Amino acid sequence: MKVVSIKEQVPVLENYKEQVCGDDEIIIQLKACGICGSDIGNIFEKSSRPTHKIGHEISGIISHIGKKIKDYEIGERVIINHHCQCDNCHYCLHGNETMCEKFTEEIEPCGLAEKFKISNWIIEKKGIFKIPEKISFNEAILIEPLACCLRSWNKIHVQKNDSIMIFGYGLIGIFHSIIAKQKGLKTTIVEKDDFRKKFGKNEKLGQDFINFKNTELKKFQEKVDLCIIANHDISCINQAVNVLRKGGTILFFGEPRANSIIKLDMSLIYSKEIKIITSYSATNKDFFNAMKFISKNKINLKKFISHEFKIEDAVKGIKIAKEGKKRIKVIITANK
């Protein structure tokens, strides 16, 4: 079977032995896999959450079920949370489930493979979800990134008509702007890419678009309640500090690269009582919340997929995702 691996910081399509299903395991036949910004970081750069596996935004069909598994059936359409918490440790009991020592990858060989095996830990912890009938395999891979976004908002305190500034308008920025609209916030997007700005204006979510120029940002000095950094550019923190009101919040959502260092004027952070919050990944509960959010708000997920490649052309697709030009979401499909 075909698998995409990382070899010397480049993606490589290679053949891999077929997975053998254990008595307490499940094998999934891949249908679609989204290329995430964290995948790009792990392949081409040094990630702050390093892994040698590609692909975690995945959908597929159950093709094999172990003898001891009773809650699932062959042929079911599913998405997977590729890591699950224990719910009993210090981190889990303090609401930091994604910091749990058991919150590790439990898929072999990886998500971007024609077939992959799900460990008993994920099965036991209910990390496999049936895809709603009206959602396609391609659209279903967007449930995971939305779940991650929704989890981060649980850490934020905002009120209707508060102002929000989102740095970056890729898929993550789009999802955050949709959530912001649902909460009745006044949204400004900071984005330099013309393709993404045009896409956003067509979405008609009520947001304004500005560039990263200091002259434009100065107009917002101390007028913003919440800044979300939806990319991995840590320099946005200093811009956020300047535009935030006293008592404002910075949510650094985009994964910074390893050893990212920046100078901050801590006197401003302190005197303005600015809160800096980070958020990583999603729990099973967040997956369910994402599916409910999509249904309630009637979100058309299909329009966010700008590029689709077969697994045979996965390397080309990954490179387009890395370049970031004229794209929103790149997905890889298989077994169709």
Side-chain angles (χ1 to χ4, degrees), residues 36-42 45-51 56-57 81-85 89-105 144-158 162-180 183 185 187 189-190 224-245 247-266 268-270 272-287 289-290:
C36 176
S38 62
D39 290 320
I40 301 302
N42 277 300
E45 303 176 55
K46 291 184 178 180
S47 171
S48 59
R49 303 284 303 195
T51 177
H56 56 271
E57 302 171 351
N81 188 2
H82 66 299
H83 42 203
C84 297
Q85 74 276 6
C89 69
H90 177 88
Y91 299 110
C92 290
L93 295 176
H94 284 74
N96 297 314
E97 297 92 343
T98 59
M99 297 295 103
C100 174
E101 297 295 337
K102 290 292 294 181
F103 200 78
T104 57
E105 299 154 321
E144 192 273 348
L146 176 59
C148 296
C149 292
L150 288 171
R151 178 176 181 268
S152 70
W153 281 80
N154 293 331
K155 303 180 178 186
I156 297 168
H157 300 287
V158 289
D162 278 358
S163 58
I164 173 177
M165 182 173 284
I166 300 173
F167 292 83
Y169 201 70
L171 179 69
I172 295 303
I174 291 170
F175 279 159
H176 280 302
S177 66
I178 292 172
I179 297 169
K183 291 182 178 293
L185 307 182
T187 306
I189 308 293
V190 184
V224 178
D225 298 293
L226 168 66
C227 285
I228 297 180
I229 300 174
N231 55 38
H232 65 267
D233 183 1
I234 61 172
S235 69
C236 294
I237 291 182
N238 277 316
Q239 295 170 321
V241 170
N242 290 327
V243 300
L244 280 174
R245 302 182 202 270
T249 300
I250 297 172
L251 169 63
F252 204 112
F253 187 93
E255 181 186 312
R257 301 309 182 224
N259 304 312
S260 294
I261 298 172
I262 191 171
K263 290 183 178 180
L264 282 175
D265 186 345
M266 288 306 298
L268 282 176
I269 303 291
Y270 177 82
K272 294 176 70 173
E273 289 193 353
I274 290 174
K275 296 173 284 293
I276 299 179
I277 297 171
T278 61
S279 188
Y280 165 70
S281 198
T283 66
N284 292 347
K285 180 180 178 181
D286 301 311
F287 272 71
N289 288 340

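Fair warning: this is a prediction, and the values are worked out from it, not measured in the lab.
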- Heavy-atom pair with the smallest gap, counting every atom of Thr104 and His83: O-CB, 3.0 Å
- Query: Are any non-hydrogen side-chain atoms of Thr249 and Ile276 less than 4.5 angstrom apart?
  - Reply: no
- Side chain Ser279, main chain Phe253, donor-acceptor under 3.5 Å: no
- Task: Kindly indicate, with the supporting measurements, whether the criterion side chain to side chain contact (heavy atoms under 4.5 Å, CB included) is fulfilled by Cys149 and Ile179.
- Result: CA-CA 9 Å; Cys149 292; Ile179 297 169; 4.0 Å; yes
- Item | Mutual orientation of the aromatic rings belonging to His176 and Trp153 [parallel < 30°, tilted 30-60°, perpendicular > 60°] | tilted
- Query: Is a donor on one side and an acceptor on the other found under 3.5 Å between the side chain of Asp286 and the backbone of Cys148?
  - Reply: no
- Mind checking whether Leu251 and Lys155 have side chains closer than 4.5 Å, heavy atoms only? no
- Nearest heavy-atom approach of Ala258 to Ser47 is CB-O, 3.4 Å
- Query: What are the two closest non-hydrogen atoms of Ala290 and Leu146, and how far apart are they?
  - Reply: O-CD2, 3.8 Å
- Side chains of Ile172 and Pro145: closer than 4.5 Å at any heavy-atom pair? yes
- Query: Roughly how far, to the nearest 0.5 Å, is the CD1 atom of Ile166 from the SG atom of Cys236?
  - Reply: 12.5 Å
- Do Glu144 and Glu57 come close enough that some side-chain heavy atom pair is under 4.5 Å? yes
- Ignoring hydrogens and geometry, is there a side-chain-to-backbone donor-acceptor pair from Asp39 to His56 under 3.5 Å? no
- Any side-chain donor-acceptor pair under 3.5 Å between Thr51 and Asn42? no
- Query: How many angstroms lie between atom CZ of Arg245 and atom SG of Cys227, to the nearest 0.5 angstrom?
  - Reply: 11.0 Å
- CD1 on Ile189 to CD1 on Ile228, rounded to 0.5 Å: 9.0 Å
- Between Phe167 and Asn231, what is the shortest heavy-atom contact and its length? O-ND2, 3.4 Å
- Query: With side chains defined as the heavy atoms from C-beta onward, is the minimum distance between Tyr169 and Val190 less than 4.5 Å?
  - Reply: no
- Message: Would you say OH of Tyr91 has more than 12 non-hydrogen atoms from neighbouring residues, nucleotides or ligands within 6.0 angstrom?
- Response: no
- Apply the test side chain to side chain contact (heavy atoms under 4.5 Å, CB included) to residues Phe252 and Ile234: give CA-CA distance (whole Å), side-chain angles for both, the deciding distance (0.1 Å), then the verdict. CA-CA 8 Å; Phe252 204 112; Ile234 61 172; 3.6 Å; yes
- Within the distance-only criterion (no hydrogens, no angle test), does the side chain of Lys102 pair as donor or acceptor with the backbone N or O of Cys84 below 3.5 angstrom? no
- Kindly determine whether Glu105 and His82 satisfy side chain to side chain contact (heavy atoms under 4.5 Å, CB included), including the steps that lead there. CA-CA 6 Å; Glu105 299 154 321; His82 66 299; 4.2 Å; yes
- Please tell me if the side chains of Ile250 and Ile229 come closer than 4.5 Å, counting only heavy atoms from C-beta onward. yes
- Roughly how far, to the nearest 0.5 Å, is CD1 of Ile156 from CG of Asp162? 11.0 Å
- Task: Identify the two heavy atoms, one from Arg151 and one from Tyr280, that lie closest to each other, and give their separation to 0.1 Å.
- Result: NH1-O, 3.1 Å
- Item | Any Leu264 side-chain heavy atom under 4.5 Å of Asn238 side chain | yes
- Which atom of Ile262 lies closest to which atom of Ser235, heavy atoms considered: CD1-CA, 3.5 Å
- Query: To the nearest 0.5 Å, what is the distance between NE2 (His232) and OG (Ser38)?
  - Reply: 12.0 Å
- To the nearest 0.5 Å, how far apart are OG1 in Thr187 and CG in Leu226? 9.0 Å
- Task: Answer whether the closest heavy-atom distance between the side chains of Val241 and Ile274 falls below 4.5 Å.
- Result: yes
- Under 3.5 Å: donor-acceptor pair, side chain of Lys275, backbone of Gly247: yes
- Query: Is there a donor-acceptor contact under 3.5 Å linking the side chains of Thr98 and Gln85?
  - Reply: no
- Worked check of side chain to side chain contact (heavy atoms under 4.5 Å, CB included) between Lys183 and Val158: CA-CA 9 Å; Lys183 291 182 178 293; Val158 289; 4.3 Å; yes
- Task: Give a yes or no on whether Glu45 atom CD has more than 12 heavy-atom contacts from other residues, nucleotides or ligands under 6.0 Å away.
- Result: yes
